[in-house]
Peer 1: 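Pasting in a structure now, in structure tokens, and then I'll have a few things to ask.
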Amino acid sequence: MAILLPRKPTLICLAVLGPICVVDGIVKKDTKEILAMLAVFIFAIVTLIMDSRKKKKLINKNDREYRNSL
């Protein structure tokens, strides 16, 4: 999946599938599946948050540069 999709849609898919797989692991009582999918879910959420912050900083930086040039 990660090879076929761009970065952001892949992270969104992981953020959606993470809790589903965690619940499945709880039902099966499979500790490894629960821990693995919790790690994937946390990674996806943190990466999405950090990417959005980085994008906002870049937009603010570009906005300041264009404003100062006048």
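Every heavy atom of this structure was used, including side-chain atoms; hydrogens, water molecules and symmetry mates were not.
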Peer 1: Could you pull out all residues at least two apart from I42 that satisfy side chain to side chain contact (heavy atoms under 4.5 Å, CB included)?
Peer 2: V46
Peer 1: Taking only residues two or more places apart in sequence or in another chain, which ones pass side chain to side chain contact (heavy atoms under 4.5 Å, CB included) with L35?
Peer 2: T31
Peer 1: Looking at A44 and A15, what are the two nearest heavy atoms and their distance?
Peer 2: CB-N, 4.0 Å
Peer 1: If Ile, Leu, Val, Met, Phe, Trp and Tyr residues are connected whenever their side-chain heavy atoms lie under 4.5 Å apart, and connections chain through other members, are I12 and F43 in the same group?
Peer 2: yes
Peer 1: To the closest 0.5 Å, what do you measure between CG (D30) and SG (C21)?
Peer 2: 11.0 Å
Peer 1: Could you tell me the separation between the CG atom of L48 and the CG atom of L14, rounded to the nearest 0.5 Å?
Peer 2: 9.0 Å
Peer 1: Given side chains that start at C-beta, do those of F41 and L17 come closer than 4.5 Å, heavy atoms only?
Peer 2: no
Peer 1: Let me confirm one number: the CG-CD distance from L38 to E33, rounded to the nearest 0.5 Å.
Peer 2: 10.5 Å
Peer 1: Can you list the residues that meet the side-chain hydrogen bond (donor to acceptor under 3.5 Å, both in side chains) rule with D24, with sequence neighbours excluded?
Peer 2: K28
Peer 1: Apply salt bridge (Lys or Arg N to Asp or Glu O under 4.0 Å) to D51 and list each qualifying residue two or more places apart in sequence or on a separate chain.
Peer 2: R7
